[in-house]
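A quick note: this is a predicted structure, and the numbers were derived from the prediction, not measured.
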Amino acid sequence: MLLAAIGLGAWMMLDRTDQEQDQPSAACAAPRPTDPPNYAALCAALNRPDLPGLLGTPQGRVLSAGPALLAFGTDATVEVRLGTSVVSLTDSSTTVKDIADMPEFRPRPTAVLGHGALTYTTSTVTLGSGGGPQTLFVHDLPGATPSPAATDDRTSPGSGAPVRNLVVAQDPKAPGGRAFDLAVFHTDGQPVDDALLHQVAAAVMPTLPGWVATPSDPSGSASAASH
């Protein structure tokens, strides 16, 4: 009887794990009256079925998708969480030129599908809550305070996990105009590979309202290899 009970308990645990893994990915949270008008389109574009694969975790499942938990200002910002990965996307009034003028973030020039872009590094904060510590990315770039003591431009000690950011001009001819800002971090503190960041950006950004296509992405379906 004891062996039977142990076997039943093990089976129930395995069955519960299978059920959790079989749960569908979370849909985008419905817009609130206070959310910017373009929130829904931004969230739908980021919370795409192939996002786990783009992040290198094809078996992953989206746990939540909605407005950023900690954001300031009026720019629409969405955040998708799956496993230890967190991805955010902002329709940003902070431009590529603005970031270029912030040497403290160690910006590096790059391009995404023919659009001028920069990679840079920020960091998360960890806040306590009733459900335990929560790792958050503060979506308020001008007020961020990266550590000047960082010795690696891919790692910013700050107060939490390193966040890798990619800001891309919406119009390739207007680096001083609005931009899309993609940020990825891992709650376990693991670094984010820039190739992964470009891969997500090249898939998502051509589907966003405001994106001005170039010959590199005439149909909005160019691959990350084009960057």
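- Summarising the geometry of Pro52 relative to Pro49, their closest heavy-atom pair is CD-O, 3.5 Å, with the distance given to 0.1 Å.
- How far CG of Leu51 is from OG of Ser85: 8.5 Å, rounded to the nearest 0.5 Å.
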Verdict with reasoning, Glu79 to Arg81, per salt bridge (charged side-chain N to carboxylate O under 4.0 Å, His left out)
CA-CA 7 Å; Glu79 198 168 80; Arg81 291 180 171 247; 3.4 Å; yes
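- A salt bridge links Asp50 with Arg48: the closest approach of a Lys/Arg side-chain nitrogen to an acidic carboxylate oxygen falls below 4.0 angstrom.
- Considering every non-hydrogen atom in both Ala29 and Gly66, the closest pair reads CB-CA, 4.2 Å.
- The distance from the CG atom of Leu166 to the OH atom of Tyr120 is 9.0 Å, given to the nearest 0.5 Å.
- Here the side chains of Pro206 and Leu113 are in contact, with some heavy-atom distance below 4.5 Å.
- Tested against Arg178, the residues Val96, Asp171, Thr95, Asp91 include a single side-chain contact (heavy atoms from CB on, under 4.5 Å) partner, Asp91.
- Nearest heavy atom pair, residue Val167 against residue Ala179, reads CG2-CB, 3.6 Å.
- His115 places no side-chain N or O within 3.5 Å of a backbone atom of Lys173 that could act as its donor or acceptor partner.
- The salt bridge (Lys or Arg N to Asp or Glu O under 4.0 Å) analysis of residues 27-41, with sequence neighbours excluded, yields the pairs Arg32-Asp35.
- Looking only at atom types and distance, the side chain of Thr121 has a donor-acceptor partner in the side chain of Arg164 under 3.5 Å away.
- Using a 3.5 Å distance cut-off with no hydrogens or angles, the side chains of His198 and Thr119 do not pair a donor with an acceptor.
- Side-chain atoms of Leu55 and Val200, non-hydrogen and from C-beta on, do get closer than 4.5 Å to each other.
- Considering every non-hydrogen atom in both Ala44 and Cys28, the closest pair reads N-SG, 3.8 Å.
- Using a distance-only test at 3.5 Å, with no hydrogens or angles considered, a donor-acceptor pair links the side chain of Asn165 to the main chain of Val163.
- Looking at Leu42 and Leu46, their side chains never come closer than 4.5 Å, going by heavy atoms from C-beta outward.
- Within the 4.5 Å cutoff, no side-chain heavy atoms of Leu182 are placed close to those of Val168.
- Atoms CG and OG, on Leu82 and Ser25 in that order, are 7.5 Å from each other to the nearest 0.5 Å.
- Among all heavy-atom pairs drawn from Pro107 and Ile99, the shortest one is CG-O, 3.5 Å.
- When only modelled atom types and interatomic distance are considered, Asp181 and Thr94 share no side-chain donor-acceptor pair under 3.5 Å.
- Rounding to the nearest 0.5 Å places OG of Ser88 at 8.0 Å from CZ of Phe185.
- Side chain of Thr57 to backbone of Gly83: no donor-acceptor contact under 3.5 angstrom is found.
- The distance from the CH2 atom of Trp211 to the CE atom of Met205 is 6.5 Å, given to the nearest 0.5 Å.
- Side-chain contact between Val112 and Phe180: absent, with no pair of heavy atoms (C-beta onward) separated by less than 4.5 Å.
- The shortest distance between side-chain heavy atoms of Leu89 and Val204 falls below 4.5 Å.
- Contact record, Ala65 with Asn47: CB-ND2, 3.6 Å, taken as the closest heavy-atom pair.
- In this model, a donor atom of one side chain and an acceptor atom of the other lie less than 3.5 Å apart for Ser93 and Asp75.
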